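Notes follow the structure.
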Protein chains: 2
Amino acid sequence: MEPQLTRAERRKRTEERILDAARARFAELGYQRTTIRAIAGDAGVDPALVMQHFASKDNLFRKAITEPTTEPLTGDPERLAELVLDTLGVKLGELPGGSAAVLRSMLTHPEATEHARDSLTQQIEQAGSAITGEDPELRAALMLATMLGVTIGRQLLELRPLREASVERIVELLRPGLRNLATG
Amino acid sequence: MEPQLTRAERRKRTEERILDAARARFAELGYQRTTIRAIAGDAGVDPALVMQHFASKDNLFRKAITEPTTEPLTGDPERLAELVLDTLGVKLGELPGGSAAVLRSMLTHPEATEHARDSLTQQIEQAGSAITGEDPELRAALMLATMLGVTIGRQLLELRPLREASVERIVELLRPGLRNLATG
DNA sequence: GTCTATAAGCAGATAGAC
DNA sequence: GTCTATCTGCTTATAGAC
């Protein structure tokens, strides 16, 4: 049984299990407090095997936070505000594993900082080119910074008013401010 | 020379030097990557002396982030928006040492998380009671989350559009959205 | 190929000399 | 009171047995 998917396929499966465990741990505890031992334990493999596959903790982290790219932020200003609010909706529901890991270590791990900065800069540039009027990039940056703050407040700091409110209500309250930034 | 300020006074001076060095290091690198040795080096004292004074790294961190309380967020809704913008102005100029240290480790150190949550919760409650209309606390939380995101984006992630903009311009652009949240 | 055993490094904490 | 020297524990990483 298991025809010819034996070597490469099994290897890939194992790596995915390790990566899933790594994303969960990194997202929960951040880079420094996460240990290879704990990841291995979660994935049901030996710590040495993790090293065999990923060579170093830092490399494992790099692989764990590499995500399929997000959809571009384009369109006219009104539409842009809605797109931004949509991605917020996704993030407030449940953060994708890689994003959560980056977010958690964003302030304390140089590589995560850079990753977050690059990702946000790209989104800012996209959104900025869809904004008319003065200071389009600054306006875009403020829109995304708002989303960042709300995401952190709700998902990581777990501020009570943000936890208890529905995603729809949050989106509804943020809409006017974001539209104001988007339309100039 | 140095009349009777010898013992207690000298001790206090040393502790302040250590605390200043600690705040700077914690703010720059976060809790985990900061070492007692480095703090001692910066303060020009022996590492063992740091332990003599503060007993443990965790206790040193606790002392370093303890700040004189901030002024309350009160008044009518329009005034509230201005107060919030003012404190943002302060934070965008230069973060006070203790705040910067908390901010940096907020996502990765349990005690810092709690400290940040408590501090924000208090501000939210104050601001919430100055807001009329529906969901005052949620609105207040969104205002403060916005400030948090902008502060992180500018001071810690150093997003280019936020770095290059003047504090006044940022405040000007955020005002309509914050007023909208404050006035309901 | 997988795991055991261990090396190597680092940082917090401690004991005791001066 | 201040510093030297050391201990202890933990983690990544490696080498080699099975």
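Since the structure is predicted, the reported quantities are computational estimates derived from the model, not experimental observations.
With sequence neighbours excluded, the residues satisfying salt bridge (charged side-chain N to carboxylate O under 4.0 Å, His left out) with E164(A) are R160(A).
Here E28(A) does not pair with R104(A) in a salt bridge; the nearest charged N to carboxylate O distance is not below 4.0 Å. Ionic pairing of D20(B) and R23(B) is present here: one or more N-O contacts between side-chain nitrogen and carboxylate oxygen are shorter than 4.0 angstrom. With respect to the salt-bridge test (charged N to carboxylate O, under 4.0 angstrom), the residues R175(A) and E82(A) qualify.
One atom, CG of L60(A), and another, P of dA13(D), lie 10 Å apart when rounded to the nearest Å. Taking atom NZ of residue K57(A) and atom P of nucleotide dG9(C), one finds them 18 Å apart after rounding to whole Å.
A heavy atom lying under 4.0 Å from DNA chain D marks the following residues of residues 33-56 of chain B, by number: D46(B), A48(B), L49(B).
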Could you pull out every donor-acceptor pair under 3.5 Å between side chains of residues 167-174 of chain B and any protein atom, sequence neighbours left out?
residue	atom	partner	partner atom	Å
R169(B)	NE	D135(A)	OD2	2.6
R169(B)	NH1	E172(B)	OE2	3.3
R169(B)	NH2	D135(A)	OD2	3.0

